[in-house]
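See structure below.
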Amino acid sequence: MIFGWFGRKSAHKEKPTAKEDTSSMANARIIDGKAVAAQVRADIAAKVAALKSANGFTPGLAVVLVGEDPASKVYVRNKGAQTKEVGMNSIEHKLPAETSEADILALVDSLNKDPAINGILVQLPLPKHVDAEKVLNAIDPGKDVDGFHPVNVGRLWIGEAALAPCTPTGSVILAKSVQENLSGMNAVIIGRSNIVGKPMAALLLRENCTVTIAHSRTKDIASVVRGADLVIAAVGIAEFVKGDWIKPGAIVIDVGINRVEVPGGKAKLKGDVAYDEAAAIASAITPVPGGVGPMTIACLLKNTLQAAQMQHRLAITA
Ligand code: GUN
């Protein structure tokens, strides 16, 4: 179990006055996503080594990148490096932007049939001429390490063994690093996307939370969030969640990564939560960057190990 990778705890406890800079007043523990992710990877590396010696095979993750999107290239490079770092095989298929949908589907089909490939990830976004849903739904659900396939979505909701989406999985691990038992907590998720908000609700239900999903049509969202012991912000709007929406002592997990222009023409990454304000009131909070972000690839590796174990009918330890 993952406990206690907290960063600094501020010595300042005074309540800020209206004019003061709240950044130096943070009461909250800063949840160190980099440290938790490193621990998850170390755990996976040990299990991969055990799998190799006991069962004689190495899990393999195939990543398909179509086109030249700069952010996608960085993600794919990081995925490849971290896959190798935990002792798994990384197989990258880099295809030109003009690759036809039929050719991508044919590649997915061959990866589905390849016993050396345990996990398949098709990097999004795909070029406009490709039907992304069709491609994602063509991945064998047992190799769907993104957890996006409708079979995995259904399995997750009915409580069967499923490959669950990586960002929500990582967010729950971070919340549990503060408080191992989330049972009975009022969890409010802000955002209802298929990739984060909805699977997060399923995962938190599994943890016996009372779950609310708030979204753009929610009435008086501030008062809904004020009832939350656990706030998960996944709305994609910089600093949408204000400090005075946070219940004192709540745990705040910020999934947002928003690039915001700052004076001087530079860009800064901001979360979905007004961090300084919220950190003065919450008991624990994830920073952006360095919170949820590093957990996504760690959980992708966890899913790849889980997929390999399921395919070989081994006990799931991932
Ligand atoms: N592009 C950005 N994030 C992701 C992700 O988590 N999965 C896939 N398939 N593509 C992405």
Side-chain angles (χ1 to χ4, degrees), residues 33 37 40-41 44 60-83 88 90-95 97 99 101 104-105 107-108 111-112 117-128 130-153 156 162-174 191 193-200 202-203 232 234-236 253-259 269 271-272 288-289 291-307 318:
V40 170
R41 290 196 303 273
I44 294 165
L61 171 63
V63 174
V64 179
L65 174 65
V66 187
E68 300 289 330
D69 180 75
S72 292
K73 283 165 108 171
V74 174
Y75 281 137
V76 168
R77 196 167 56 234
N78 290 340
K79 280 171 195 166
Q82 292 186 31
T83 303
M88 299 202 274
S90 169
I91 302 94
E92 287 176 16
H93 291 269
K94 294 181 179 163
L95 308 175
T99 306
E101 184 180 288
I104 298 169
L105 288 169
L107 173 60
V108 168
L111 295 171
N112 282 343
I117 302 296
N118 303 107
I120 303 169
L121 181 140
V122 177
Q123 183 69 24
L124 300 174
L126 284 168
K128 286 198 169 62
V130 180
D131 181 344
E133 197 178 332
K134 195 168 170 186
V135 171
L136 296 180
N137 291 356
I139 296 172
D140 178 338
K143 297 189 178 185
D144 166 38
V145 284
D146 261 326
F148 294 163
H149 194 287
V151 167
N152 279 315
V153 175
L156 180 63
L163 292 165
C166 302
T167 300
T169 301
S171 301
V172 173
I173 292 173
L174 290 181
S193 72
N194 289 334
I195 292 176
V196 183
K198 288 178 194 164
M200 190 88 74
L203 289 169
I232 312 262
V235 71
I253 307 292
D254 190 346
V255 181
I257 302 178
N258 308 286
R259 203 168 284 276
L269 292 184
D272 288 353
V288 177
V292 173
M295 294 299 291
T296 301
I297 296 181
C299 291
L300 173 71
L301 305 175
K302 185 168 143 54
N303 275 355
T304 305
L305 175 60
Q306 184 184 328

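No experiment lies behind these values; they were computed from the predicted model shown. Order of listing sets the numbers, starting from 1, for every ligand and every atom in it.
Pairs of residues two or more places apart, or lying in two chains, that qualify as salt bridge (charged side-chain N to carboxylate O under 4.0 Å, His left out) and include a residue from residues 72-81 are E68-K73.
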Evaluate side-chain contact (heavy atoms from CB on, under 4.5 Å) for L269 paired with N258, printing each intermediate quantity in order. CA-CA 5 Å; L269 292 184; N258 308 286; over 6 Å; no
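Evaluation of the side chain to side chain contact (heavy atoms under 4.5 Å, CB included) rule for V153 yields W157 as partners, not counting sequence neighbours. When the side chain to side chain contact (heavy atoms under 4.5 Å, CB included) test is applied to A37, the partners found at least two apart in sequence or on another chain are R41, P294, M295, A298.
Shown here for N152 and D144, the closest heavy-atom pair between the two residues is ND2-OD2, 2.8 Å. Counting all heavy atoms, side chain and backbone alike, K302 lies closest to T169 at CE-CG2, 4.1 Å.
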List below, pair by pair, the N or O atoms of ligand 1 and of the protein that are less than 3.5 Å apart, including the distance to 0.1 Å; reply 'none' if no pair qualifies.
unit_1	atom_1	unit_2	atom_2	d
ligand 1	1 (N)	Q123	NE2	3.0
ligand 1	1 (N)	L124	O	2.9
ligand 1	7 (N)	D146	OD1	3.0
ligand 1	7 (N)	D146	OD2	3.4
ligand 1	9 (N)	V122	O	2.8
ligand 1	9 (N)	D146	OD2	2.6
ligand 1	10 (N)	L124	N	2.9

